[in-house]
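Only one structure is covered here, and it is reproduced in the block below.
Worth saying up front: this structure is predicted, and the values here are computed from it rather than measured. Here is how names work: the chains are called A, B, and so on, in the same order as the sequence lines, proteins then strands, and each is numbered from 1.
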Number of protein chains: 2
Amino acid sequence: MTTLSPSGPVAGQRKVRRATMNDVARLAGVSIKTVSRVVNDEPGVHPSTAERVLAAIDQLGFRRNLSARNLRRGSSTGTIGLVLEDVGNPFYSGVTRAVEEIARLRGRQVISGSSDEDPSRERELALEFCSRRVDGLLIVPAGLQHSYLVPEMRAGTPVVFLDRPAGDVVADTVLVDNIGGTVEAVTHLAAHGHRRIAFLGDAPDIFTANERLRGYREGCVRAGIGYHEELVAMGPHDESSVRTTLQRLQSMREPATAIVAGNNRITVYILRALAGVAERPALVGFDDFELADLLSPPVTVIAHDASALGKAATDLLFARLDGDNSPPRRVVLPVRLVPRGSGEVHA
Amino acid sequence: MTTLSPSGPVAGQRKVRRATMNDVARLAGVSIKTVSRVVNDEPGVHPSTAERVLAAIDQLGFRRNLSARNLRRGSSTGTIGLVLEDVGNPFYSGVTRAVEEIARLRGRQVISGSSDEDPSRERELALEFCSRRVDGLLIVPAGLQHSYLVPEMRAGTPVVFLDRPAGDVVADTVLVDNIGGTVEAVTHLAAHGHRRIAFLGDAPDIFTANERLRGYREGCVRAGIGYHEELVAMGPHDESSVRTTLQRLQSMREPATAIVAGNNRITVYILRALAGVAERPALVGFDDFELADLLSPPVTVIAHDASALGKAATDLLFARLDGDNSPPRRVVLPVRLVPRGSGEVHA
DNA sequence: CCGCTGGGGGACAACGTTGTCATAGTGGGC
DNA sequence: GCCCACTATGACAACGTTGTCCCCCAGCGG
């Protein structure tokens with residue numbers, strides 16, 4: 001294997017205009033249309049001509065300009081846009097992976113961006129993607145205002161919302177069963193004798209956080225242990241706010257003996273706060289996470305599948321691209337409680 | 001907040017041709033060029049005219065077509081391409097996040113794709129991105145053949161390789177100090193009295209795996225404990241291969257008393273295999289991972305920063321885009337040993 | 001009244017491709 | 001020898017923008 005020396009591909013010589021079909025045509029001594037035919041594997045080109053063209057393409061390092069192609073053809077740009085909260089979060093990177101996978105099978109590229117829970121950032125990203133004429137849009141909504149998407153949807157860009165519903169637009173949506181999950185968590189803990197079950201959730205203006213709170217409440221009522229305001233702490237949370245919340249919960253007249261954590265981040269904060277503490281409350285976390293089974297005690301979670309979420313949303317999007325124009329659908333994916341130990345501690 | 005009813009943005013009416021500047025111009029009673037001026041905030045348009053144009057834009061839901069714009073201007077498409085192994089891997093999603101972050105500051109979008117360690121897939125992705133005329137390319141190489149990029153680089157697309165060097169092209173590269181890291185791991189273990197230290201690494205044709213093996217060997221020599229073939233098991237690994245390897249290592253005449261794990265995946269496999277085992281060997285893992293500090297014992301690792309890697313590579317790329325045409329650089333980022341417990345067990 | 005200036009606006013070509021249609025040449029059947 | 005069918009190829013317009021250049025007209029100084 002020879003290493004190509006700097007004389008070749010070095011950063012030195014910049015802006016060497018890219019070869020176009022025109023250049024190829026000139027070099028091969030044919031018309032530009034013939035080059036187009038060769039590049040697109042269209043029939044009706046004599047093998048020997050095709051060979052000349054291919055040689056010219058190779059010599060010039062020609063690569064078809066997709067912008068021009070898409071412009072001319074007016075059809076698909078072969079891209080789909082993905083707006084999520086944070087690619088760095090393992091949950092969303094799982095979603096991203098699934099989206100990418102399916103997009104690939106359908107010959108599409110994925111453009112993605114993180115909104116960081118900022119509605120204006122989400123909007124900026126989504127509209128930017130629309131300017132790029134993505135074939136469709138997958139959005140984890142950061143706010144409640146999505147009417148800015150109406151012109152785009154009307155213009156034929158299908159949009160699917162993931163993980164949370166849109167605020168003020170009717171569109172396809174894929175959610176997980178947040179309420180059912182927290183109901184199950186509370187029920188499970190109550191079945192192990194807990195009557196003082198706390199809930200630590202994310203900021204209540206986030207749809208999933210609010211739903212999970214509702215599920216928690218519902219679970220408490222169903223279990224006959226009642227809903228007590230003082231056992232609930234909604235975010236935004238960071239490590240230290242979780243720590244102080246836990247202290248408060250344990251120093252009450254009737255301390256909490258169990259906790260439901262509203263998402264994977266909060267679960268981790270709790271685990272950190274409890275590290276080394278002897279008397280640990282029972283714990284069930286929403287969202288599964290890697291290594292949960294290797295902690296001691298292993299962490300019981302309400303699990304749902306990031307890739308299933310991504311897949312369901314992308315499938316829905318492609319169905320729209322394939323011409324499905326039935327009324328918007330709302331898909332709710334099931335969750336399941338995975339008992340591992342931390343939630344099976346008796347009160 | 002009113003919910004827009006199906007009469008509006010429903011999937012029903014499809015392919016309503018998108019408004020162009022022409023449509024806007026007609027509606028506003030101006031020429032298309034004036035619309036262009038308004039859209040691009042160019043001076044020389046009377047305020048009242050601009051207002052009419054903006055109203056028309058709003059009414060038609062016009063959004064400028066970036067493909068056409070980029071084609072006409074011939075300059076930047078405002079995108080950079082990122083090819084990595086797997087966005088689903090927390091390490092790479094950290095990289096992705098950092099890349100996105102910086103790209104955003106520079107007004108660029110990121111298109112990404114996972115190669116799954118398949119060279120042809122990597123090539124396919126990279127060339128696809130080139131067809132889209134990305135402004136630059138960030139690649140975690142999957143193989144050793146990258147001469148296919150030469151025409152692209154020659155045509156002015158800067159390329160930066162991340163995490164691993166390219167096989168046969170001279171280009172900017174950002175690596176982590178793989179050798180130094182494993183040397184340090186072995187030295188650390190030897191300092192705790194271990195003389196039978198095993199190494200479980202990824203497939204040896206992966207650059208990082210090979211480098212880490214070299215570091216391991218070097219560390220063994222420096223520590224005066226010698227390099228013993230039978231203590232090394234290179235991958236590809238999965239959970240069961242790790243399990244059998246561990247059994248082999250422990251049933252030797254002189255069993256291994258310590259292990260160096262070649263990457264985060266292997267570390268996790270080892271942890272799973274050791275779960276519940278009483279007599280555990282000391283362990284140092286390459287790559288840090290979330291919750292490593294909460295396991296028992298907490299896992300000692302060679303840590304390096306995914307976001308630092310992404311940032312360094314992206315900075316390098318933008319420097320090239322800003323016209324830097326100095327010779328290709330190779331940046332090696334430091335790693336550091338984070339002692340947490342699993343590596344401080346005495347032999 | 002003339003010429004000049006400058007602000008506001010438009011006509012037109014071009015970016016790189018592809019769809020449509022036309023044409024030159026070739027060979028075969030009568 | 002004539003017409004037809006067919007293959008191989010090319011000319012040209014068009015996609016939606018933007019850069020260049022040009023024009024019109026109001027206002028102003030002389």
| query | When you measure from the side chain of B/Asp135 to the backbone N and O of B/Thr157, does any donor-acceptor pair fall under 3.5 Å? | reply |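 Not at all, since once roles are kept as given, no pair shorter than 3.5 Å links the two residues.
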Whole angstroms only, please: what is the [atom1]-[atom2] distance between [X] and [N]?
X	N	atom1	atom2	value
A/Arg69	C/dT18	CZ	C1'	8 Å
B/His46	C/dG7	NE2	C1'	10 Å
B/Asp41	D/dT17	CG	C1'	16 Å
A/Leu60	C/dG16	CG	C1'	15 Å
B/Glu42	C/dG10	CD	P	14 Å
B/Leu71	C/dT17	CG	P	9 Å
B/Met21	C/dG9	CE	C1'	15 Å
A/Asn22	D/dG10	CG	P	12 Å

| Closest to the B/Arg17 side chain: C/dT17, C/dG8, D/dG16? |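 So the nucleotide nearest the side chain must be D/dG16.
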Pairing donors with acceptors under 3.5 angstrom, does anything connect the side chains of [X] and [Y]?
X	Y	value
B/Ser115	B/Glu85	no
A/Arg64	A/Asn40	yes
B/Asn22	B/Thr20	no

| query | When the nearest nucleotide of DNA chain C is assigned to B/Ser31 and to B/Ala68 on a heavy-atom basis, which residue is associated with the more 5' position? | reply |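 Mapping each residue to its closest nucleotide by heavy atoms, the 5'-most match is B/Ser31.
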| query | Between B/Lys33 and A/Val39, which has a closest nucleotide on DNA chain C that is more 5'? | reply |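 Final value for this comparison: B/Lys33.
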| field | Salt bridge A/Arg121-A/Glu124, side-chain N to carboxylate O under 4.0 Å | value |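 Yes, A/Arg121 and A/Glu124 are salt-bridged.
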Return no unless some side-chain N or O of [X] is found under 4.0 Å from OP1 or OP2 of [N].
X	N	answer
B/Ser36	D/dT17	no
A/Arg73	C/dT18	no
B/Thr34	C/dG9	no
B/Arg64	D/dT18	yes

Does [X] reach a base, just sugar-phosphate, or nothing at all? Heavy atoms under 4.0 Å.
X	value
B/Leu66	nothing
A/Gly74	nothing
A/Thr49	sugar-phosphate
B/Asn40	sugar-phosphate

| Option among A/Val39, A/Val45, A/Asp58, A/Val38 that satisfies the side chain to side chain contact (heavy atoms under 4.5 Å, CB included) test with A/Val53 |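 That would be A/Val38.
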| task | Measure distances between side-chain N and O atoms of A/Arg37 and base N and O atoms of D/dG10, and say whether any donor-acceptor pair falls under 3.5 Å. | result |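 Answer yes: a donor N or O sits under 3.5 Å from an acceptor.
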| query | Do A/Arg72 and C/dT18 have a side chain to base donor-acceptor pair shorter than 3.5 Å? | reply |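 Side chain to base: pair present.
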